[in-house]
Amino acid sequence: MHRTYSMRQSRAPTASQIQSPPPPASSTKHGRFFGRGNIGHTFRGKAAGAFGPDLAKKLSQLVKMEKNVMRSMELVSRERMEVAQQLSIWGEACDDDVSDVTDKLGVLIYEIGELEDQFVDRYDQYRVTIKSIRNIEASVQPSRDRKQKITDNIAQLKYKEPNSPKIVVLEQELVRAEAESLVAEAQLSNITREKLKAAFTYQFDALSEHCEKLAIIAGYGKHLLELVDDTPVTPGETRQAYDGYEASKAIIQDCEDALTNWVSQNAAVSSKLSVRSRTLSQRRAARRQPGEGVDLSHQDQSLGDRESGLWIPASEHRGNGYEEDEEEDAPSTVGTETRGREEERIAA
């Protein structure tokens, strides 16, 4: 008799989760307004850049496209879990060795589906960080528009009424608007660089962990395949009785231990720069050190007291017409299924 040993049944935190706590569940996994079909993908792709400030339209479209990517990954995760279950169901009626191995392979493939579901959560960290740049861009747009409007009014007055006293007033207002815009643009430049590096660090770290764990599962899956006797038999000949139940169970447990204990420091794949790349990078870093950046954070405090009130500080960048731009998503059912065959089977 044998029984499927689902991986990490107790769901204790892995070493990598202890080292770097997992993020909250992805914002795309709940309350879907458009359901799970392609209509939501199409709508987001077409309408992403149609609304909002001009400065933020391109990044808004990127954020929506990334949401489509995450929805696709969620679908792959769910369907992979269903495939794993179906593989186990099919193998149940086969010979003992095929039945046992397909059951354990179903466990591994189901684990891949769960890893993909976890990858979606980490990928959402990248998307949300990119989204914050979009919100900052949207908050900068009013200061640009105000400066442009004042400039247009001055040009119009100089054409129609060259001696109008309003020109002096508008020119003074333009000076204030330009000073405000300089602070806004500098803050946008600084935050864009900071958030861009943070966002893609999230993505690349998640990719590295995901791919390393997939490689671990693939390796143990090939060990499971060695338990299948593929020696040709002649008609009427019987195969040797299968005795690999304990071995297959041990392989699953070894795979579980490897996934549980994996940390980024133990990654098998590392990217090493060539001598030329390293020299160029160091040279660029050395050039950048003498010119330290200017801290403009002290200027942000007084922005709320300015007359226009149009510039929104970075700490208050939420909103700008984007608060409710994410349609609600339906609760995800990923991770609620059981993996493999849980019932006991009498060996032939």
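Computed from heavy atoms alone, side chains included, the values below leave out hydrogens, waters and symmetry copies.
With a 4.5 Å cut-off on side-chain heavy atoms, Val140 and Glu185 count as touching. Looking at Asp229 and Asp95, their side chains never come closer than 4.5 Å, going by heavy atoms from C-beta outward. For the pair Val63/Val128, no side-chain contact is recorded, criterion being any heavy-atom separation below 4.5 Å from C-beta on. You'll find the side chain of Gln203 stays beyond 4.5 Å of the side chain of Gln125, heavy atoms only.
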Subject >> Test log, rule salt bridge (Lys or Arg N to Asp or Glu O under 4.0 Å), inputs Glu246 and Lys249 >> reply: CA-CA 5 Å; Glu246 292 300 323; Lys249 185 194 306 182; 3.5 Å; yes
**OP:** Give the intermediate values and the outcome of side chain to side chain contact (heavy atoms under 4.5 Å, CB included) for residues Glu82 and Gln86.
**Re:** CA-CA 6 Å; Glu82 293 171 2; Gln86 190 63 30; over 6 Å; no
Subject >> Derivation of the side chain to side chain contact (heavy atoms under 4.5 Å, CB included) call for Thr192 and Ile136 >> reply: CA-CA 8 Å; Thr192 297; Ile136 292 291; 5.7 Å; no
**OP:** May I have the step-by-step check of side chain to side chain contact (heavy atoms under 4.5 Å, CB included) for Lys213 and Ile217, ending in yes or no?
**Re:** CA-CA 6 Å; Lys213 290 184 175 180; Ile217 293 176; 5.5 Å; no
Subject >> From CA spacing to verdict: side chain to side chain contact (heavy atoms under 4.5 Å, CB included), Trp262, Glu209 >> reply: CA-CA 9 Å; Trp262 185 92; Glu209 178 177 348; 3.3 Å; yes
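In this structure, Ile133 and Leu196 approach most closely via the heavy-atom pair CD1-N, 3.8 Å. Ala258 and Ile216 get closest at one heavy-atom pair: CB-CG2, 3.8 Å. Minimum heavy-atom separation, Ala84 to Gly106: CB-O, 3.1 Å.
Using a 3.5 Å distance cut-off with no hydrogens or angles, the side chains of Ser181 and Glu178 do not pair a donor with an acceptor. In this model, no donor atom of one side chain and acceptor atom of the other lie less than 3.5 Å apart for Ser132 and Thr129.
Few gaps surround CG on Asn261; more than 12 heavy atoms of other groups in view lie less than 6.0 Å from it. Within a 6.0 Å sphere centred on CD of Gln240, heavy atoms belonging to other residues, nucleotides or ligands number 12 at most. Within 6.0 Å of CZ on Arg193 lie no more than 12 heavy atoms contributed by other residues, nucleotides or ligands. Counting heavy atoms of neighbouring residues, nucleotides and ligands inside a 6.0 Å radius, atom OH of Tyr242 exceeds 12 of them.
Using cut-offs of 30° and 60° on the angle between ring planes, the pair Phe119 and Tyr123 is tilted.
When Asp100, Asp103, Asp97 are each tested for a side-chain hydrogen bond (donor to acceptor under 3.5 Å, both in side chains) with Ser248, only one passes: Asp100. The residue from Ile150, Asp145, Asp152 that alone fulfils the side-chain contact (heavy atoms from CB on, under 4.5 Å) condition with Gln148 is Asp152.
Glu79 contributes no side-chain N or O that, together with a main-chain N or O of Val76, makes up a donor-acceptor pair within less than 3.5 Å. Under a 3.5 Å cut-off, the side chain of Thr260 and the backbone N or O of Glu256 do form a donor-acceptor pair.
Looking at Arg146 and Glu173, a side-chain N of the basic residue comes within less than 4.0 Å of a carboxylate O on the acidic one, giving a salt bridge.
Within the structure, ring-ring contact (aromatic ring centres under 6.0 Å, His included) pairs that include any residue of residues 133-181 do not occur (at least two apart or interchain).
Here the SG-CG distance, from Cys255 to Leu224, works out to 8.5 Å after rounding to the nearest 0.5 Å. One finds the CG atom of Leu273 at 10.0 Å from the CG atom of Leu280 (value rounded to the nearest 0.5 Å).
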